[in-house]
2 protein chains.
Amino acid sequence: MQKEIELFKDGLKKEKLKITSQRLKILEAFLKTERHMSCDDLYRAIRRGNPEIGYATVYRTLKLIQKAGLAREVDLGDRVSRLEHEYGHKHHDHLICLKCGRFFEVFDPEIEQLQERLALKYKFNAVKHKMDIFGYCRKCKS
Amino acid sequence: MQKEIELFKDGLKKEKLKITSQRLKILEAFLKTERHMSCDDLYRAIRRGNPEIGYATVYRTLKLIQKAGLAREVDLGDRVSRLEHEYGHKHHDHLICLKCGRFFEVFDPEIEQLQERLALKYKFNAVKHKMDIFGYCRKCKS
DNA sequence: ATGAAATTGAAAACCATTTTCAATTATACT
DNA sequence: AGTATAATTGAAAATGGTTTTCAATTTCAT
Ligand SMILES: [Mn+2]
Ligand SMILES: [Mn+2]
Ligand SMILES: [Zn+2]
Ligand SMILES: [Zn+2]
């Protein structure tokens with residue numbers, strides 16, 4: 001994760017922001033997990049080793065991590081912002097189970113291509129998209 | 001909109017809930033517009049003719065309207081729930097402009113078909129999906 | 001080292017939404 | 001029609017995730 005740490009530092013320098021121990025610890029905690037973490041999840045995880053880091057600092061730093069291109073927001077429809085790794089992780093969409101809450105990461109190049117065609121048709125300059133399919137997973141369908 | 005009103009009343013009766021003047025007024029206000037309305041938007045609109053209707057009642061009734069299958073939630077990524085008509089309106093997705101906030105309603109049968117195929121591949125019983133493409137509209141792209 | 005500017009944690013504020021509660025109302029049943 | 005019962009209402013308070021405020025502390029270019 002050295003590469004990610006460098007990218008983060010570069011992002012900070014570019015904005016004339018400072019490299020602090022709190023920011024680095026929060027970044028490391030985020031990089032350490034592969035799950036989709038809410039700010040609160042991360043706050044709790046960080047807290048275990050660093051009880052002196054504040055809630056607001058976690059929120060603020062997670063915004064910076066996103067700006068540096070290292071994290072992307074996942075919106076599962078509850079009103080909680082969750083983050084997943086962005087650097088070195090390909091774009092994907094989600095199948096989300098309405099019963100157990102589990103989700104599956106999926107990618108379909110044909111869909112992606114048709115999405116581009118659709119944007120083009122509307123002369124729309126697409127930057128990103130979000131596609132979530134909700135339903136019942138193999139284990140939960142009656 | 002008589003059909004919708006009947007469906008709403010049926011939905012209420014089925015749950016042993018009561019048909020009240022407030023509920024009917026809120027439903028009519030919702031049916032009257034074709035926009036994507038937040039609860040607050042609707043509260044304000046209703047207020048103009050009916051200053052006695054409370055905020056909580058609007059929230060509660062909008063939930064009932066959704067349960068009756070007359071409204072569907074639109075999630076534009078801010079944390080505000082907006083509603084659009086569901087009855088008599090075909091499913092569609094959105095192209096959302098990051099600059100001016102305007103959105104375009106789109107439908108691509110090929111994408112829909114591939115989405116089904118994707119769910120099938122994961123033995124996932126898809127119920128609904130949400131696809132939003134974010135970017136810059138014709139007028140806003142530099 | 002110095003000083004300007006950025007950062008921090010704790011607490012308060014924010015804001016959409018939900019809950020509480022006592023008063024009112026709709027409906028089913030005499 | 002009158003009554004009992006359960007649902008509904010509006011106002012206010014609570015909730016919960018997120019953001020802001022502010023005084024104290026820290027970073028870093030000079
Ligand atoms: Mn993911
Ligand atoms: Mn729409
Ligand atoms: Zn499941
Ligand atoms: Zn635009």
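In the text below, chain A, chain B and the rest are named by the order of the sequence lines, each starting its count at 1.
- Nearest nucleotide to the A:Val80 side chain, out of D:dT20, D:dC28, D:dG17: D:dG17.
- Of all nucleotides listed (D:dT8, D:dT18, D:dA11), D:dA11 comes nearest to the side chain of B:Ala56.
- At least one side-chain nitrogen or oxygen of B:Arg79 sits closer than 4.0 Å to the OP1 or OP2 atom of D:dT18.
- Across C:dT8, C:dA16, D:dT19, the shortest atom-to-atom separation from the side chain of A:Thr20 is found for C:dT8.
- Residue B:Tyr59 places none of its side-chain N or O atoms closer than 4.0 Å to OP1 or OP2 of C:dT18.
- Base contact: B:Arg60 has a heavy atom under 4.0 Å from a base atom.
- Taking the side chain as every heavy atom from C-beta outward, A:Phe8 and A:Leu24 approach each other to under 4.5 Å.
- Of the two residues near DNA chain C, B:Leu17 and B:Arg82, the one whose nearest nucleotide lies more 5' is B:Arg82.
- One can place CD1 of B:Ile26 at 11 Å from C1' of D:dT8, the figure rounded to the nearest angstrom.
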Derivation and outcome, side-chain hydrogen bond (donor to acceptor under 3.5 Å, both in side chains), residues A:His85 and A:Glu4 | CA-CA 10 Å; A:His85 291 186; A:Glu4 285 95 327; 5.8 Å; no
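- The side chain to side chain donor-acceptor pair (under 3.5 Å) with B:His36 is formed by just one residue from the set B:Glu84, B:Arg82, B:Glu73; it is B:Glu84.
- Within 4.0 Å of A:Lys13, counting heavy atoms only, lies no atom of the nucleic acid at all.
- The side chain of A:Lys18 approaches D:dT27 more closely than any other nucleotide in the set D:dT19, D:dT27, D:dA7.
- Using a 4.0 Å heavy-atom distance criterion, A:Ser38 is classed as making no nucleic acid contact.
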